[in-house]
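These numbers come from the heavy atoms of this one structure, side chains and all, not from hydrogens, waters or symmetry mates.
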Amino acid sequence: MSLAAYALVDCNNFYCSCERVFRPDLRDKPIVVLSNNDGCIISRSNEAKALGVQMGAPYFKQKPFLKRNNVTVFSSNYPLYGDLSDRVMKILRTFCPDMEVYSIDEAFLRLDGFSTYNLTEYAQHIRNTVYQWTGIPVSIGIAPTKTLAKIASHICKKTPKSSGVYNMNDKWAQPAQIDALLENVPVSEIWGIGRKSAAKLYRYGVTTARQLRDRDNAWLQKMLTVTGLYTALELRGVSSIALDEAPAARRSIRSSRSFGKPVTEKTHAQEAAVAYTVRAAEKLRREGLLATTISVFIKTSVHRPGDQHAEYCTHTFDKPTDFTPLFVHHASEMLQKIFRAGHQYQKVGVLLSGLELKRNQQGSLLEVVSTESQRQTESEARLMHVTDAINKKFGRGTVQYAGEGLGQPWKMKQENLSPKYTTDWSKLPEIY
DNA sequence: TCTGGGGTCCTAGGACCC
DNA sequence: TCTGGGGTCCTAGGACCC
């Protein structure tokens, strides 16, 4: 029987690579992409990594260094990354229909059906095609499980001579080689082992992937719950995390953002809560969903230890809805409740959950609907439809809720955005 | 002065029911 | 009003992911 084969296709430095598609002049130059609010560095080109720029480093601290070293800085352009991601995924699907789109820049392929192929060569071919058709370089790791495929793709990125593909299955027949390989993987780098678990494992002397793999099941489950056990099984080559080809429906929608500067006024916090509520509700309708609960949270900055307050509050509706004014009403009310004067708040957020498909709602034959409430529902739907249509056509915020406020002093910082690259999405097709 | 945003899953514990 | 075990459902909190 042949070995199972999962491939992880991982776009290299994805956001940076996307920016380079439109700026070929930056091909061998150091570049970075910043998070929202120009907060921190979330993508680095290899040249930037070589300079020692750290992932997640606060931009304000790195700014002089970046300037000195001629690093080109981009603010994130998510519509662009989303579009390029779609193109990459479409190409991958033509090579292998058993596919899980794992994130904006990663996909798992299940290559079991390709046993007559030389998988390494096939992966090379995939890689070359993606690069030719999109300009995005990818790394591909192949292994008997998803967790090992992740490791394989890491190895691949670190080994220049791998030329973009690393096939662990080739070595599977020589256990000593696999042992040696896992010996070199720190436990903290394993997919599914985060900071807390890594620290815990360290305390018990488990520092490498090989050591984790060789612990007994009961111990693993006790220390790391079943998810940790699955991870260890996967390291042994026993596939325990299945390919998720049709991801389950979304369960929640969140809209939250850090303020441009700390907020101390209740009205400002409330305006932000309303604005995020409006956005979350737009997303809800765009995806044809209804929500049964809305939550609002508020928090101070972790970087100000002397001034800490975080709280959240939830409201559940009698029946699922997508009506913005209703969300807005409850969001404001809850914010009033959790806001405490005297704190410098850093962030508020809104979460819609208990989601269900709107079309599953229609045609409830058992419910007795009065013509009055029927008419009410219809006019609500029409109102939402019209506002969404106007905002889509003329830009977000054309029709705005009074509660969002006009000045919006709490808004994300924009000063550092480089105007040239915040291109309106509608302009991009002209470039192509 | 300035440190992202949006998700999922697992578990423990409480409420409720029989 | 007391006694008991066990099941289900919900939620908050923790941990992880990109």
*Return the value, rounded to whole Å, for the distance between atom CZ of A:Phe65 and atom P of B:dT3.*
21 Å

*Can you check whether A:Gln62 has a side-chain N or O nearer than 4.0 Å to OP1 or OP2 of B:dT3?*
no

*Reckon A:Ser197 has a side-chain N or O less than 4.0 Å from the OP1 or OP2 of C:dC16?*
yes

*Interatomic distance where NZ belongs to A:Lys196 and P belongs to B:dT11 [whole Å]*: 18 Å

*Which whole-number value in Å describes the distance from A:Leu229 CG to B:dC9 P?*
18 Å

*Is the shortest side-chain N/O distance from A:Lys347 to OP1 or OP2 of B:dG5 below 4.0 Å?*
yes

*What nucleotide among B:dT11, B:dT3, B:dG4 has an atom nearest to a side-chain atom of A:Pro58?*
B:dT3

*Looking just at side-chain N and O atoms, do A:Tyr59 and A:Ser35 make a donor-acceptor pair shorter than 3.5 Å?*
no

*Contact class for A:Ile190 (heavy atom, under 4.0 Å): base, sugar-phosphate, or nothing?*
sugar-phosphate

*Side chains of A:Thr145 and A:Arg236: donor-acceptor distance under 3.5 Å anywhere?*
no

*asked:* Rounded to whole Å, please give me the gap between OH in A:Tyr230 and C1' in C:dC17.
replied: 18 Å

*When we call it a touch if two heavy atoms are under 4.0 Å apart, what does A:Thr314 touch: a base, just sugar-phosphate, or nothing?*
nothing

*So, is A:Arg251 near the phosphate of B:dG7, with a side-chain N or O under 4.0 Å from OP1 or OP2?*
no

*Rounded to the Å, how far apart are A:Tyr15 OH and B:dG5 P?*
13 Å

*Without hydrogens or angle criteria, can the side chains of A:Thr293 and A:Ser353 be said to hold a donor-acceptor pair below 3.5 Å?*
yes

*asked:* Can you tell me if A:Tyr59 touches the phosphate of B:dT3, counting only side-chain N or O atoms and a distance under 4.0 Å to OP1 or OP2?
replied: no

*A:Ser256 side chain N/O closer than 4.0 Å to the phosphate oxygens (OP1, OP2) of B:dG4?*
no

*d(CD, A:Gln346; C1', B:dT1) in whole Å*: 14 Å

*Contact class for A:Ile253 (heavy atom, under 4.0 Å): base, sugar-phosphate, or nothing?*
sugar-phosphate

_Test log, rule side-chain hydrogen bond (donor to acceptor under 3.5 Å, both in side chains), inputs A:Glu265 and A:Thr267_ = CA-CA 5 Å; A:Glu265 303 281 318; A:Thr267 50; 4.5 Å; no

_Among B:dT3, C:dC18, B:dT11, the nucleotide that comes nearest once only the side chain of A:Lys61 is considered_ = B:dT3

*Closest nucleotide of DNA chain B for A:Gly39 versus for A:Val226: which of these residues is on the 5' side?*
A:Gly39

_A:Lys150 vs C:dC18: side-chain N/O to OP1/OP2 distance below 4.0 Å_ = yes

_If you apply the rule side-chain hydrogen bond (donor to acceptor under 3.5 Å, both in side chains), what do you find for A:Thr207 with A:Gln211, and how did you get there?_
CA-CA 7 Å; A:Thr207 61; A:Gln211 289 171 323; 3.1 Å; yes

*Would you kindly give the CZ-to-C1' distance between A:Phe60 and B:dC2, to the nearest whole Å?*
5 Å

*N/O (side chain, A:Lys283) to phosphate O (OP1/OP2, B:dG7) under 4.0 Å*: yes

*Can we call the ring centroids of A:Phe95 and A:Trp133 under 6.0 Å apart?*
no

*Along DNA chain B (nearest heavy atom to each residue), the more 5'-positioned of A:Ser252 and A:Pro262*: A:Pro262

*Could you state the CZ-C1' distance from A:Arg257 to B:dC2, rounded to the nearest angstrom?*
18 Å

_Complement of B:dC18, any strand, by Watson-Crick or G-U distances under 3.5 angstrom_ = C:dG5

